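Let me give you the structure first, and then I'll get to my questions.
Predicted model only: the values in this text are computed from it and were never measured. Computed over heavy atoms, backbone and side chain alike; hydrogens, waters and symmetry mates excluded.
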Amino acid sequence: MPKVVANGSHGPAPQDDCKGASRGRSWGLLVTAGVGGTLVALYGVVLPFVTPALRRVCLPFVPATSTQIQNVLKMLENRSGSLVDIGSGDGRIVIAAAKMGFKAVGYELNPWLVWYSRYRAWRDGVHHNTRFFISDLWKMPQLEKKLEEELECNARIIACRFPFPCWIPDHSTGEGIDTVWAYDLKHSRGCETKRLEISPETKS
């Protein structure tokens, strides 16, 4: 009589296959979500730094050098009061001016740089004399005209790296990218006193 021998090994159960496939899909979704979230975060961080370079006038963020800061402070010697930095970047010039006793305000398009500037001002102990706002320089039409009409007659305007094309500077110092130009409004118009009003778009 033939004997029937039972084989002890069995093929994989269908339920085990389904569980393995389900776990594989779950890991795939997690990896995809992680990569997607990382790319979105990088986009959010990088975009404010790249956008200025894509404008009609390319003005990407370039940190002020220590020499440039010293040249600016040299132009502020024997002066006091308020200082406004339009395009303040990471706040180096604003903070340096605050350490000299100025009430300094910075306007900057990049929100990451604004938040970092506030942190640096707090870290350096001058946050009581500084303020930073998110604001777009390019939404201020005819900047030279606005400054001439609204600044006090004893104001001094200092340009870094890029001089005003229609103005003749009263003073300049430095070389190359560290050059700064100073423009005294009392030499270009009468002494009518007006207040500079640059309204920040966002205070966050």
Side-chain angles (χ1 to χ4, degrees), residues 44-49 51-52 59-140 143-144 146-162 164 169-174 177-186 191-204:
V45 171
V46 172
L47 183 63
F49 291 91
T51 300
L59 289 175
F61 167 62
V62 180
T65 66
S66 58
T67 302
Q68 181 184 357
I69 295 173
Q70 291 303 315
N71 289 339
V72 171
L73 298 181
K74 181 179 179 180
M75 292 292 187
L76 295 174
E77 288 179 353
N78 301 319
R79 301 181 72 89
S80 61
S82 301
L83 175 140
V84 175
D85 188 358
I86 302 175
S88 55
D90 59 2
R92 299 184 186 193
I93 292 176
V94 172
I95 292 171
K99 290 179 179 179
M100 289 181 60
F102 286 89
K103 292 287 186 180
V105 179
Y107 292 89
E108 170 59 41
L109 171 64
N110 188 327
W112 300 104
L113 293 176
V114 170
W115 296 328
Y116 179 66
S117 299
R118 292 170 180 168
Y119 162 73
R120 287 193 62 182
W122 171 82
R123 185 191 65 184
D124 290 0
V126 293
H127 55 287
H128 295 298
N129 291 331
T130 60
R131 290 186 298 162
F132 296 93
F133 297 104
I134 301 171
S135 186
D136 191 349
L137 167 66
W138 300 106
K139 291 185 179 180
M140 299 179 192
L143 180 59
E144 292 100 326
K146 183 177 182 68
L147 295 174
E148 282 186 329
E149 291 179 348
E150 298 183 10
L151 282 172
E152 295 182 355
C153 67
N154 62 344
R156 168 169 286 186
I157 300 170
I158 299 175
C160 302
R161 294 180 180 165
F162 300 96
F164 285 95
D170 295 286
H171 309 278
S172 66
T173 187
I177 63 171
D178 295 321
T179 304
V180 299
W181 298 264
Y183 307 86
D184 293 324
L185 288 188
K186 64 183 179 181
C191 289
E192 53 180 321
T193 301
K194 293 186 179 180
R195 180 184 176 189
L196 174 62
E197 296 179 354
I198 304 177
S199 300
E201 295 176 3
T202 311
K203 292 186 179 180
S204 61

### Query
Any idea which heavy atoms bring Cys160 and Trp181 closest together, and the distance?
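Minimum heavy-atom separation between Cys160 and Trp181: C-CZ3, 4.1 Å.
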
### Message
Rounded to the nearest 0.5 Å, what separates atom CG in Leu83 from atom CD1 in Ile158?
### Response
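The distance works out to 7.0 Å.
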
### Query
Should Ser117 and Asp90 be marked as a side-chain hydrogen bond (donor to acceptor under 3.5 Å, both in side chains) after you check the CA-CA gap, both sets of side-chain angles, and the distance that decides it?
CA-CA 5 Å; Ser117 299; Asp90 59 2; 5.8 Å; no

### Query
What's the spacing between Ile177 CD1 and Phe162 CZ if we round to 0.5 Å?
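The CZ atom of Phe162 is 10.0 Å from CD1 of Ile177, to the nearest 0.5 Å.
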
### Task
Could you please spell out the steps behind the side-chain hydrogen bond (donor to acceptor under 3.5 Å, both in side chains) verdict for Lys186 and Asn154?
CA-CA 6 Å; Lys186 64 183 179 181; Asn154 62 344; over 6 Å; no

### Query
Just wondering, do Ser88 and Phe132 contact through their side chains at under 4.5 Å, heavy atoms?
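Yes; the side chains approach each other to less than 4.5 Å.
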
#### Entry: Spacing of OH belonging to Tyr107 relative to CZ belonging to Arg131, to within rounding of 0.5 Å
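It is 6.5 Å, given to the nearest 0.5 Å.
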
### CG-CG distance between Asn71 and Leu76, expressed to the nearest 0.5 angstrom
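Result: 11.0 Å between the selected atoms.
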
#### Entry: Minimum side-chain heavy-atom gap Cys153-Leu185 below 4.5 Å
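No, too far: nothing below the 4.5 Å cut-off.
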
### Query
Does some side-chain heavy atom of Val105 sit less than 4.5 Å from a side-chain heavy atom of Phe133?
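Sidechains of Val105 and Phe133: in contact.
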
### Query
According to the interplanar angle, ranging from 0 to 90°, do the rings of Tyr119 and Tyr116 count as parallel (below 30°), tilted (30 to 60°) or perpendicular (above 60°)?
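Judged by the thresholds at 30° and 60°, the geometry between Tyr119 and Tyr116 is tilted.
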
#### Entry: Closest approach of Ala96 to Ile69 (non-hydrogen atoms, all atoms of both residues)
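Minimum heavy-atom contact is CB-CG2, 3.8 Å.
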
### Message
Restricting to side-chain hydrogen bond (donor to acceptor under 3.5 Å, both in side chains), what partner residues turn up for Arg156, sequence neighbours left out?
### Response
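Residues passing side-chain hydrogen bond (donor to acceptor under 3.5 Å, both in side chains) with Arg156: His171, Asp184.
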
### Task
For the pair Glu108 (side chain) and Val114 (backbone), establish whether a donor and an acceptor sit closer than 3.5 Å, ignoring hydrogens and angles.
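Not at all, since once roles are kept as given, no pair shorter than 3.5 Å links the two residues.
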
### Task
Kindly give the heavy-atom pair with the smallest separation between Thr173 and Lys74, and that separation in Å.
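What the structure gives for the nearest pair is OG1-NZ, 3.9 Å.
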
### Query
Judged by modelled atom types alone, do Gln68 and Arg92 share a side-chain donor-acceptor pair under 3.5 Å?
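Their side chains do not contain a donor-acceptor pair, so the 3.5 Å distance test is not met.
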
### Message
Please report the interatomic distance CG(Asp170) to CE(Met75), rounded to the nearest 0.5 Å.
### Response
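The CG atom of Asp170 sits 9.5 Å away from the CE atom of Met75.
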
### Query
Which residues satisfy the ring-ring contact (aromatic ring centres under 6.0 Å, His included) test with Tyr183, sequence neighbours excluded?
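Scan of Tyr183 (ring-ring contact (aromatic ring centres under 6.0 Å, His included), adjacent residues dropped) gives Phe164, Trp167.
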
### Query
Which atoms form the tightest heavy-atom contact between Lys99 and Asp124, and what is the distance?
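Shortest heavy-atom contact: NZ-OD2, 3.4 Å.
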
#### Entry: Nearest non-hydrogen partners of Pro111 and Ile134, listed with the distance
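Closest approach of Pro111 to Ile134: CB-CD1, 3.7 Å.
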
### Message
Could you report the tightest heavy-atom contact between Ile95 and Ala121, atom names first, then the distance?
### Response
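Of all heavy-atom pairs spanning Ile95 and Ala121, the closest is CD1-N, 3.6 Å.
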
### Task
For the residue pair Asp178 and Gln70, establish whether any side-chain heavy-atom pair is separated by less than 4.5 Å.
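Asp178 vs Gln70: side chains apart.
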
